[in-house]
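Scroll down for the structure; my scribbles are underneath it.
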Amino acid sequence: PSDTGRVLSIQSHTVQGYVGNKSAVFPLQLLGYDVDPINSVQFSNHTGYPTFKGQVLNGEQLWELIEGLEANDLLFYTHLLTGYIGSVSFLNTILEVINKLRSVNPNLTYVCDPVMGDEGKLYVPEELVHVYREKVVPLASMLTPNQFEAEKLTGLRINSEEDGREACAILHAAGPSKVVITSITIGGLLLLIGSHQKEKGQKPEQFKILIDKIPAYFTGTGDLMTALLLGWSNKYPDSLDKAAELAVSTLQALLRRTLGDYKRAGYDPTSSSLEIRLIQSQDDIRNPNVELKAERY
Ligand code: ATP
Ligand code: PLP
Ligand code: MG
Ligand code: NA
Ligand code: MG
């Protein structure tokens with residue numbers, strides 16, 4: 001671990017707006033990382049709009065890019081970051097990419113956001129759940145599911161903080177030493193639970209951060225959150241709680257700015273999902289002002 005790194009980021013690209021690579025690449029660059037994006041899709045806009053158009057990369061096309069890099073000895077990465085993946089064949093190619101990158105750098109950190117759904121709804125094919133659970137999670141260094149995804153990956157129902165902590169323990173046993181459940185809603189509160197198992201088989205160090213829920217729906221925030229967790233946890237490898245405080249603080253400042261800007265422009269922020277004000281928040285990305293503190297269990 002060091003202050004910087006080379007990140008291969010395989011995520012969506014949208015022409016307009018900030019989800020996937022569009023919300024992950026700029027912040028990681030601001031934190032000092034070299035980031036090489038592979039766009040798993042190129043869409044006009046995110047899928048929350050009434051329509052979208054564009055292209056989807058398939059597994060063979062992804063592998064072609066990896067072969068091109070390999071032919072020039074360009075496959076040394078410190079980190080692999082993956083987010084939304086829409087098909088089993090693409091996810092299977094991701095597995096091959098992980099193995100290939102680890103054959104070049106055995107210390108590669110794989111940060112996996114197992115994007116499958118939210119608020120009780122799956123938005124990927126059901127067969128993907130099995131592949132994540134059996135094949136992808138075991139290879140991940142850090143996993144950043146939301147509440148629903150953590151339930152899908154563990155088979156647990158998460159109705160309490162205790163359940164969230166237990167889900168993290170189950171996920172550690174399957175592979176990743178760092179797990180952050182990025183959002184859990186319990187009793188109207190928004191909660192993040194982090195867990196770091198420093199030695200295999202040991203009790204993990206766990207913490208929570210209580211987040212003030214902003215009454216609006218944003219897109220791209222999950223992707224931004226995972227990118228920031230990668231960026232900060234590499235700089236503070238033994239303090240996942242600190243990394244999470246920094247990431248959450250950036251998110252809160254950015255979301256307040258986003259909401260304020262929409263309101264000033266006369267939009268009703270509850271009428272549709274809001275595009276985050278990423279570029280305007282660059283100071284909050286570089287130097288977050290930590291207001292929300294992690295509480296250790
Ligand atoms: P995934 O990418 O796996 O779907 P997710 O569902 O947790 O992750 P989000 O719901 O976007 O992604 O939440 C990520 C982070 O964004 C949260 O930890 C929180 O800091 C912030 N966030 C998102 N929505 C809100 C909100 N309405 N109010 C306050 N913070 C929010
Ligand atoms: N990728 C694409 C193409 C999307 O359309 C969306 C949301 O609509 C996302 C990713 C999800 O972004 P997030 O989970 O970070 O809000
Ligand atoms: Mg969510
Ligand atoms: Na997440
Ligand atoms: Mg999400």
Side-chain angles (χ1 to χ4, degrees), residues 9-24 27 39-57 81-86 111-124 132 140 142-153 158 164 171 179-185 188-194 208-230 243-259 269-270 272-276 278 284 288 291-292 294:
S9 178
I10 306 177
Q11 302 200 63
S12 316
H13 170 82
T14 51
V15 176
Q16 194 277 156
Y18 299 95
V19 299
N21 269 334
K22 282 286 290 289
S23 69
N39 298 327
S40 52
V41 306
Q42 171 165 247
F43 289 162
S44 53
N45 47 262
H46 72 64
T47 54
Y49 286 91
T51 67
F52 64 95
K53 294 264 185 197
Q55 300 84 35
V56 178
L57 196 74
L81 171 60
T82 65
Y84 175 83
I85 291 161
V111 177
C112 174
D113 187 0
V115 179
M116 293 186 284
D118 213 342
E119 293 169 12
K121 277 202 292 285
L122 203 62
Y123 41 65
V124 297
Y132 267 113
M142 176 156 79
L143 199 71
T144 61
N146 61 30
Q147 178 174 10
F148 177 69
E149 291 153 355
E151 290 183 341
K152 282 281 171 192
L153 293 174
I158 302 175
L171 291 168
V179 176
V180 177
I181 306 182
T182 48
S183 61
I184 299 189
T185 313
L189 296 173
L190 192 59
L191 189 71
L192 173 151
I193 292 182
K208 66 172 170 183
I209 302 179
L210 270 170
I211 300 167
D212 298 312
K213 190 160 188 166
I214 297 170
Y217 187 78
F218 305 93
T219 48
T221 44
D223 304 325
L224 173 58
M225 185 71 195
T226 297
L228 293 172
L229 285 170
L230 185 164
E245 283 174 351
L246 289 159
V248 166
S249 300
T250 293
L251 256 302
Q252 296 318 297
L254 170 144
L255 295 184
R256 281 197 299 265
R257 175 174 296 103
T258 300
L259 193 65
T270 58
S272 65
S273 89
L274 308 183
E275 291 283 0
I276 56 176
L278 186 67
D284 296 312
E291 288 170 6
L292 298 179

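Sequence positions, counted from 1, serve as the residue numbers for this chain. Computation of the quantities below employed the complete heavy-atom set of this structure, encompassing side-chain atoms and omitting hydrogens, waters and symmetry-equivalent molecules. Just so you know, ligand 1 is whichever comes first in the structure, and atom 1 is the first atom listed for that ligand.
Proximity of P114 to ligand 1, defined as any heavy-atom pair under 4.0 Å, is not found for any part of the residue. For D118, every heavy-atom contact with ligand 1 shorter than 4.0 Å involves the side chain, none the backbone. The part of L190 lying near ligand 1 is the side chain, judged by heavy-atom distances below 4.0 Å. Under 4.0 Å from ligand 2, heavy atoms of D223 appear from its side chain as well as its backbone.
Listed by atom number, the atoms of ligand 1 under 4.0 Å from S183 heavy atoms are 5 (P), 6 (O), 7 (O), 10 (O). Taking every heavy atom of K213 and a limit of under 4.0 angstrom, the matching atoms of ligand 1 come to 28 (N). Atoms of ligand 1 found under 4.0 Å from any heavy atom of T182 (numbered from 1 in listed order, with element): 5 (P), 7 (O), 8 (O), 17 (C), 18 (O). Every atom of ligand 2 with a heavy atom of T221 under 4.0 Å away is listed here by number and element: 15 (O), 16 (O). When each atom of ligand 2 is checked for a heavy atom of T47 under 4.0 Å away, the hits are 4 (C), 5 (O), 8 (O). Interface of S12 with ligand 2, defined as ligand atoms under 4.0 Å from a residue heavy atom, comprises 1 (N), 2 (C), 3 (C). Ligand-side atoms of ligand 1 in range of N146: 1 (P), 3 (O), 4 (O), 5 (P), 6 (O), 7 (O), 8 (O), range being under 4.0 angstrom from any heavy atom.
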Applying ring pair (Phe, Tyr, Trp, His ring centres under 6.0 Å) to H46 and Y49, what does each step give before you reach the verdict? CA-CA 6 Å; H46 72 64; Y49 286 91; 4.6 Å; yes

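Every N/O-N/O distance between T14 and ligand 2 stays at or above 3.5 Å. Considering both main-chain and side-chain atoms, Y123 never comes within under 3.5 Å of ligand 2 through any nitrogen or oxygen pair. On a distance-only criterion, G222 and ligand 2 share at least one N/O pair closer than 3.5 Å. At under 3.5 Å, not a single nitrogen or oxygen of V41, backbone or side chain, sits near a nitrogen or oxygen of ligand 2.
Considering only non-hydrogen atoms, atom 16 (O) of ligand 1 lies nearest to L251 out of L251, D113, V180. Looking at R256, Q252, E149, it is Q252 that brings a heavy atom closest to atom 19 (C) of ligand 1.
Not a single N/O/S atom of S183, whether from backbone or side chain, sits less than 3.0 Å from the Na ion (ligand 4). The distance from the Na ion (ligand 4) to the nearest N/O/S atom of T144 is under 3.0 Å.
Residues M116 and L153 form a side-chain contact, since some pair of their non-hydrogen atoms from C-beta on lies under 4.5 Å apart. For the pair K152/L122, a side-chain contact is recorded, criterion being any heavy-atom separation below 4.5 Å from C-beta on. Side-chain contact between M225 and V248 is present, with at least one heavy-atom pair separated by less than 4.5 Å. Between I276 and L255, the closest side-chain pair of non-hydrogen atoms falls below 4.5 Å. With contacts defined as side-chain heavy-atom distances shorter than 4.5 Å, the pair V115/V124 does not qualify.
The shortest separation from a heavy atom of D212 to ligand 1 is under 4.0 Å, placing the residue in contact. Within the 4.0 Å heavy-atom shell around ligand 1 one finds T144.
Partners of S249 by side chain to side chain contact (heavy atoms under 4.5 Å, CB included), not counting sequence neighbours, listed by chain and number: P288, V290.
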